[in-house]
Protein chains: 2
Amino acid sequence: MTNIQEVARVAGVSTATVSRFLSGQTVRSGEAIQNAVRTLGYSPSVVARSLKSGRHGAIGVIVPDITNPFFAALVKGINHEVRASGYQVILGNSDEDAPQEEALLAALTQRTDGIIIAPLVEGDLSLVRLEKSRTPVVLVDRDITFATRFDRVLVDNLSGSRQAVEHLAALGHRAIAHIGGPLGSTPGRARHEGFVAAMERLGLPVRQDLIRISDFREEGGRDSMRDLWNQPDRPTAVFIANNLMTIGALNALHVLGARIPHDISVVGFDDVALAELLDPPLTVIRRPDIEQGAASARLLLSRLEQDFEPDASLSQSHRITLPVQLVVRGSTSAPAHREREQE
Amino acid sequence: MTNIQEVARVAGVSTATVSRFLSGQTVRSGEAIQNAVRTLGYSPSVVARSLKSGRHGAIGVIVPDITNPFFAALVKGINHEVRASGYQVILGNSDEDAPQEEALLAALTQRTDGIIIAPLVEGDLSLVRLEKSRTPVVLVDRDITFATRFDRVLVDNLSGSRQAVEHLAALGHRAIAHIGGPLGSTPGRARHEGFVAAMERLGLPVRQDLIRISDFREEGGRDSMRDLWNQPDRPTAVFIANNLMTIGALNALHVLGARIPHDISVVGFDDVALAELLDPPLTVIRRPDIEQGAASARLLLSRLEQDFEPDASLSQSHRITLPVQLVVRGSTSAPAHREREQE
DNA sequence: TCGATTACTGTAATCGATTACAGACAGAGG
DNA sequence: CCTCTGTCTGTAATCGATTACAGTAATCGA
């Protein structure tokens, strides 16, 4: 790799002059430097530059599982927003493993100017440590109360659960089940709370035997669904708190030979690819996934610009909540007549 | 951020001693240094380290579209393999944009020790430039003949096409259509060639009116399928060269009201999520996507280790071809009796 | 007791770019 | 002709870690 000394030598000037020319100042021997740069194929070392300046020209993104279409879409939104700004996006995949997430966090705080993360565990020590540093951080889908320094980009989980329950209730369902995510995580907790609140508001029974708290994974959804189905007093509808568990539940129902929506209506949180081509097409709560990424990126970028004028660093942390939307397809209908016996 | 000087000062030794202690050498005041490191919360700057050493402890991965499940799986496989080695994975998404890919390549060659890439354009100038550098490179899905320095990890496209055609032919199809990818790309070219070769070997007519060369995207698949369907002399089966085009084609057939497999049998290349829950379940050529990522990572890592012993750098570039496998589900069957009229 | 060996330590150069500082030089104004 | 101003330039310090080199002290054997 050619370095700035080489360029200076060839152009017959000092390295300071080359550096100044490259940063846009007018110098006498600009043309000679230009030529030297071209013939040598010189481009400045980003490593040396960031050692001197402390800035990396990159932002870090940490997700638990890049094969989850939601996170892929999130990353796409981030990328799209960051592209014009000249920053690099460095993506880390923690594989849902807390130690690995911590390692990623440590590595990326050293290589980037700011981080977008959907942390696995909300009370994590590494987050506490992170808050003490002055790295700008945007949390996705996590409404952590103690971390007031962090910006947060959420979706309206409560509204999503309410829309799902109201839709099912309007169709005549009373025995509505819920497969939820971990209550230690914001989406798990909020969607569960939203479900319970909506049921109560509509005067429907909140039956603990129809609520399964699972893990946001496909296997968890499968097992919970099988479990619910094998109950003596089966639900006529189920609201499932994320995409992967919905897929698992659909698989379970398929294997069990259940007819959707005749035997059971299904509403999932998060749209899934091919939802329209499924048998039947899946009714879901859809969230603006790409937009959620874009909003996170905008927040982070604005904070990075802000960092240049340090007096503004007192500014409050932002908290954005994006709306979600019920998309009715074929997996929900009025309950079959079996429901009448129960009334 | 505390630096090594600070640690040296607190421990009462020189920076050289601290550095030596941290790299595992035995020093007299190890305990004092240990304490200083702990109380100061010191961790060495990776930026300074890579400026000095020229190594970054990171590998770069560039994909055209992270929301394509194949690339997401590829990245997962890479991550999984790299995890133990202590390297970071830095992922770049070119969004199928050549200038952005080139910018990513330039940025990542500066920040990483080696690159795994599935380039957009095979004859790209930036690839030629890359070959002249001595950055280790692994190409995924691209069998570029001029770039002999690069390792390559491919799948057996020819075999995949053959398996698809033989399956359809065995069911009795003769009017088999093909929706292909760009012939300038290895997968597009090889799958098309494999299709033609298999048809000829079985004595089936290769009808140009049933071949559409498209772009590997969902819209391309949709348009091509609609086009094929609206022909006077429709095919009874179609083999589609990748996942996204298959999804597009399924959408088109859904909108057109075609019944699968009664009206038309469908085989896709690349498995798709939920394939089993589709109506009907989709028959596909499945490739080992995660394994393809893992193999790429192994190749790159071994080359990075090799770099320590420079005499071995003469070693040949590797070329790995992974097998693919036909997965028969419900979207293929014998052609309906309309076929008889044509015979 | 002396020289040789071993085991450790500190000084200072180095990686490549940026930038504070001071010096050089031209042109303007008195 | 002298001084002052403005514009450009080079020298050298700096970012934080690594490491060649030289030096010191302790230990061992003769």
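Every chain is numbered from 1 and lettered A, B, ... according to where its sequence line falls, protein lines coming before strand lines.
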Next item on the list: Grab the CD1-C1' distance between A:Ile4 and D:dT11 for me, whole Å please.
Entry: 14 Å

Check: Base, sugar-phosphate, or nothing: which does A:Ser23 touch, judged by heavy atoms less than 4.0 Å apart?
Finding: nothing

Notebook entry, point to check: Between A:Gln110 and A:His56, which heavy-atom pair has the shortest distance, and what is it?
Noted result: O-NE2, 2.9 Å

Notebook entry, point to check: Which part of the nucleic acid does B:Phe21 contact within heavy-atom distance under 4.0 Å: base, sugar-phosphate only, or nothing?
Noted result: nothing

Checklist line | First of B:Gln5 and A:Gly12 reached from the 5' end of DNA chain D, by closest nucleotide | finding: A:Gly12

Check: Taking only N and O in the side chain of B:Ser50, is any of them less than 4.0 Å away from OP1 or OP2 of C:dC15?
Finding: no

Next item on the list: Would you please confirm or rule out a distance under 4.0 Å between OP1 or OP2 of C:dC8 and any side-chain N or O of B:Thr26?
Entry: yes

Next item on the list: Side chain of B:Arg20 only, please: which of D:dC21, D:dA12, D:dT9 is the nearest?
Entry: D:dC21

Checklist line | Atom pair distance, as rounded to whole Å: CD in A:Gln110 and P in D:dC15 | finding: 17 Å

Next item on the list: Just compare C:dA17, C:dG10, D:dA17 and give me whichever is closest to any side-chain atom of B:Ser14.
Entry: C:dG10

Next item on the list: Take B:Ser53 and B:Val13, find for each the nucleotide of DNA chain C with the closest heavy atom, and name the residue whose nucleotide sits nearer the 5' end.
Entry: B:Val13

Notebook entry, point to check: Is the closest side-chain heavy-atom distance between B:Arg129 and B:Glu102 below 4.5 Å?
Noted result: yes

Checklist line | Any-strand Watson-Crick or G-U partner of D:dA30, both distances under 3.5 Å | finding: C:dT1

Checklist line | side-chain contact (heavy atoms from CB on, under 4.5 Å) partner of B:Val153, the single match among B:Val138, B:Asp141, B:Leu300, B:Asp143 | finding: B:Val138

Margin query: Reading DNA chain C from 5' onward, which residue's closest nucleotide shows up sooner: B:Arg28 or B:Leu51?
Written below: B:Arg28

Checklist line | Spacing of B:Gln25 atom CD relative to D:dT18 atom C1', expressed in whole Å | finding: 11 Å

Checklist line | Value in whole Å for how far the P atom of C:dA17 lies from CG of A:Leu40 | finding: 12 Å

Check: Counting N and O atoms only, with roles assigned by atom type, does the side chain of B:Arg152 sit under 3.5 Å from a partner on the main chain of B:Phe150, one being a donor and the other an acceptor?
Finding: yes

Check: Between D:dA20, D:dA17, C:dA17, which one does the side chain of B:Asn3 approach most closely?
Finding: D:dA17

Note to self: Rounded to whole Å, please give me the gap between NE2 in B:His56 and P in D:dA17.
What the structure shows: 16 Å

Note to self: Nearest to the A:Ser45 side chain among C:dG16, D:dT11, D:dA17, which nucleotide is it?
What the structure shows: C:dG16

Margin query: Within the 4.0 Å heavy-atom criterion, would you say B:Thr17 contacts the bases, only the backbone, or no part of the nucleic acid?
Written below: sugar-phosphate

Margin query: At 4.0 Å (heavy atoms only), tell me whether B:Ser29 reaches a base, stays on the sugar-phosphate, or touches nothing.
Written below: sugar-phosphate

Note to self: Expressed as a whole number of angstroms, how long is the span from A:Ile33:CD1 to C:dA17:P?
What the structure shows: 13 Å

Margin query: How many whole angstroms separate atom NZ of B:Lys52 from atom C1' of C:dA12?
Written below: 12 Å

Next item on the list: Find the distance A:Arg49:CZ to C:dT19:C1' and express it as a whole number of Å.
Entry: 14 Å

Item checked: Any side-chain donor near an acceptor of the partner, A:Asn93 and A:Gln100, under 3.5 Å -> no

Item checked: Between B:Thr186 and B:Glu122, a side-chain donor and acceptor under 3.5 Å -> yes

